[in-house]
Engineer: 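The following block contains the structure, expressed as structure tokens.
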2 protein chains.
Amino acid sequence: MKSPIYVKIVEDIRNKISSGELNPGDDLPSETTLCNEYDTSRMTVRKGLSILSNEGYIYSIPGKGYFVKKPDYNKYIFVYDEMNNLINNVDKIELLSVDIIFPDEELAGNLQISKNKKVIMIRRLFYTEEEPMAYDIKYLLYQRGVPIVENEIENATFPEMISNRTSLYDLNKELIIYAKVPEERTKKLLHIYDEIALFVVEQKLYDIEDRPIGLGITYFRGDYIKLHGVSK
Amino acid sequence: MKSPIYVKIVEDIRNKISSGELNPGDDLPSETTLCNEYDTSRMTVRKGLSILSNEGYIYSIPGKGYFVKKPDYNKYIFVYDEMNNLINNVDKIELLSVDIIFPDEELAGNLQISKNKKVIMIRRLFYTEEEPMAYDIKYLLYQRGVPIVENEIENATFPEMISNRTSLYDLNKELIIYAKVPEERTKKLLHIYDEIALFVVEQKLYDIEDRPIGLGITYFRGDYIKLHGVSK
DNA sequence: TAGTGGTCTAGACCACAAG
DNA sequence: TTGTGGTCTAGACCACTAT
């Protein structure tokens, strides 16, 4: 029933911040002051302040003190995986092609390689309930000695595809999303006969030193996908 | 030049995890074992483990030990604000209307209110370089005594609009994004003459108890917006 | 020089898991 | 009963900031 002292400290200060009693830029009482206020040791006070700092409420400047931070009210967390979204999940995948190609200007720039480096191109079609819902292209740096296992490629998400050469813990990723009108070729692939918008997701993978590993572009039928994000 | 002991502990264990020497589900040495390995005190070991835990590499179970966590390789962080995106920023805003309305079925459901509760509807048009780039509608719960300051409404992002009644620290938010073909009315507003897709962002605001405060829908011209997200 | 936060110690007691 | 992590103490030394 009784909660730790540091939780009490966290709650008190958090309340003061969200109620407006403490405002962004204001300084907090010093650690020793809080030790006296809560009749506890410095390590306990620091544990509480460390939590508030991790939660983004405060920050500290050595030699000066703790200060209230401006809230980050434009940040959202999205869970994205080309196979699953808010309104439809992929239940069948057709592997259209796997090729070794030389990149054009744009792709070479994206992958930060010269145009004579080989690139693996994988094209797939995603289905849901027998209907094509997305056309997917991945470009991966070609690496000698790292075999392409078609079976694995066929059903893998992009991070999974490269998990045999880069640890998923070390992978940096980037998404760019936008809407666009489909071209004729894409309309055919996705069985689009009426006017339907495309929802495009470009996914870039980088290694731990931020060198590009791969580029993926997924063209979703606009009526088959919604992405969802939350603050906190 | 010399770094703290806990940093060394963090780096060592993080390396073991990303190199594959330690795998998801594996257990780590106990705190006392690490105390001996690094010839340091328990609080120092715990500081290191606490950082790894915050970074999502490990978790602990009281009485059992520390374990390696599966990486969260589908998570992305987006910074969204209806006024600014990867390719265009809003530089002029036209306030189309501010009305008090009664919600239809759908809106009442979204805001979790009955249909006889008043709702404020704000319609705006966003411009960039004299071109309309987005049509924006906000629905806010009507609160007696909280005045509508047109001047503030006109230029505010959604979280800013309600910052006088709910602390930005306590605000929970949700985004739903999708692509769609514009209706005739929207095409006129956004000066769309060719075929152009719409990029739609629905933004829901909740108070700290997750009660809805407002719903915003922004219809961007597809050629004027790209959103950007990163892992980590 | 006095005050601040950052690192660290060598103990302690507790609740909980497992054998 | 032993080992684990969770909480907490009462000190210490350091580097940095402000006066």
Side-chain angles (χ1 to χ4, degrees), chain A residues 1-17 21-72 169, chain B residues 1-17 21-72 169:
Chain A
M1 202 75 285
K2 73 181 251 289
S3 62
I5 303 174
Y6 71 83
V7 171
K8 171 89 175 128
I9 297 176
V10 168
E11 287 171 351
D12 283 357
I13 295 179
R14 195 164 37 201
N15 286 339
K16 282 183 186 164
I17 291 176
E21 189 177 334
L22 285 170
N23 291 296
D26 288 358
D27 57 332
L28 296 184
S30 74
E31 292 180 352
T32 38
T33 308
L34 289 169
C35 287
N36 295 330
E37 276 184 24
Y38 288 90
D39 190 30
T40 188
S41 73
R42 207 175 140 218
M43 284 309 249
T44 300
V45 165
R46 281 177 64 76
K47 165 110 183 168
L49 295 173
S50 143
I51 291 173
L52 287 164
S53 169
N54 280 327
E55 289 179 347
Y57 285 94
I58 64 173
Y59 61 95
S60 61
I61 301 179
K64 300 186 78 172
Y66 288 86
F67 302 88
V68 178
K69 206 165 150 187
K70 279 206 308 283
D72 223 351
Y169 291 100
Chain B
M1 202 79 285
K2 71 181 253 290
S3 61
I5 303 174
Y6 72 82
V7 171
K8 172 90 174 126
I9 297 177
V10 168
E11 287 171 350
D12 284 356
I13 295 178
R14 196 165 35 201
N15 287 338
K16 282 183 186 164
I17 291 175
E21 190 177 331
L22 285 171
N23 292 295
D26 288 358
D27 56 333
L28 296 183
S30 74
E31 292 180 353
T32 37
T33 307
L34 289 169
C35 288
N36 296 330
E37 277 183 24
Y38 288 91
D39 189 29
T40 188
S41 73
R42 204 173 143 220
M43 283 311 247
T44 300
V45 165
R46 282 177 64 76
K47 166 110 183 168
L49 295 173
S50 143
I51 290 173
L52 286 164
S53 168
N54 280 328
E55 289 179 345
Y57 284 94
I58 64 173
Y59 61 94
S60 60
I61 302 179
K64 299 186 79 171
Y66 287 87
F67 302 89
V68 178
K69 206 166 149 185
K70 279 205 307 284
D72 221 349
Y169 292 99

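Letters A, B, ... are given to chains in the order of the sequence lines, protein chains preceding strands, and every chain is numbered from 1.
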Engineer: Pairs counted only when both distances fall under 3.5 Å, Watson-Crick or G-U: show me the 5' to 3' dot-bracket for DNA chain C, [ ] for pseudoknotted crossings and | for other-strand partners.
Structural biologist: ||||||||||||||||.|.
Engineer: Which pairs pass salt bridge (Lys or Arg N to Asp or Glu O under 4.0 Å) with one or both residues in residues 60-71 of chain A, sequence neighbours excluded?
Structural biologist: none
Engineer: With sequence neighbours excluded, tell me which residues meet ring-ring contact (aromatic ring centres under 6.0 Å, His included) with B:Tyr6.
Structural biologist: none
Engineer: What's the CZ-P distance between A:Phe67 and D:dT17, to the nearest Å?
Structural biologist: 12 Å
Engineer: Please name all residues satisfying side-chain contact (heavy atoms from CB on, under 4.5 Å) with A:Thr33, sequence neighbours left out, ordered by chain then number.
Structural biologist: A:Pro29, A:Ser30, A:Glu37
Engineer: Take nucleotides 2-9 of chain D nucleotide by nucleotide from the 5' end and write B, S or -, depending on whether a protein heavy atom sits under 4.0 Å from the base, only from the sugar-phosphate, or from neither.
Structural biologist: -BBBBBBB
Engineer: Can you list the residues that meet the side-chain contact (heavy atoms from CB on, under 4.5 Å) rule with A:Asn54, with sequence neighbours excluded?
Structural biologist: A:Ser50, B:Asn54
Engineer: Using the test side-chain contact (heavy atoms from CB on, under 4.5 Å), find all partners of A:Asp12 that sit at least two apart in sequence or belong to another chain.
Structural biologist: A:Lys8, A:Tyr38
Engineer: Could you check whether any side-chain heavy atom of A:Tyr66 comes within less than 4.5 Å of a side-chain heavy atom of A:Leu34, counting everything from C-beta outward?
Structural biologist: no
Engineer: Quick one: salt bridge (Lys or Arg N to Asp or Glu O under 4.0 Å) pairs with a partner in residues 41-61 of chain B, sequence neighbours left out?
Structural biologist: B:Arg14-B:Glu55, B:Glu31-B:Arg42, B:Glu31-B:Arg46
Engineer: Taking only residues two or more places apart in sequence, or in another chain, which ones meet A:Ser41 in a side-chain contact (heavy atoms from CB on, under 4.5 Å)?
Structural biologist: A:Met43, A:Thr44
Engineer: Find the distance A:Asp27:CG to C:dG3:P and express it as a whole number of Å.
Structural biologist: 16 Å
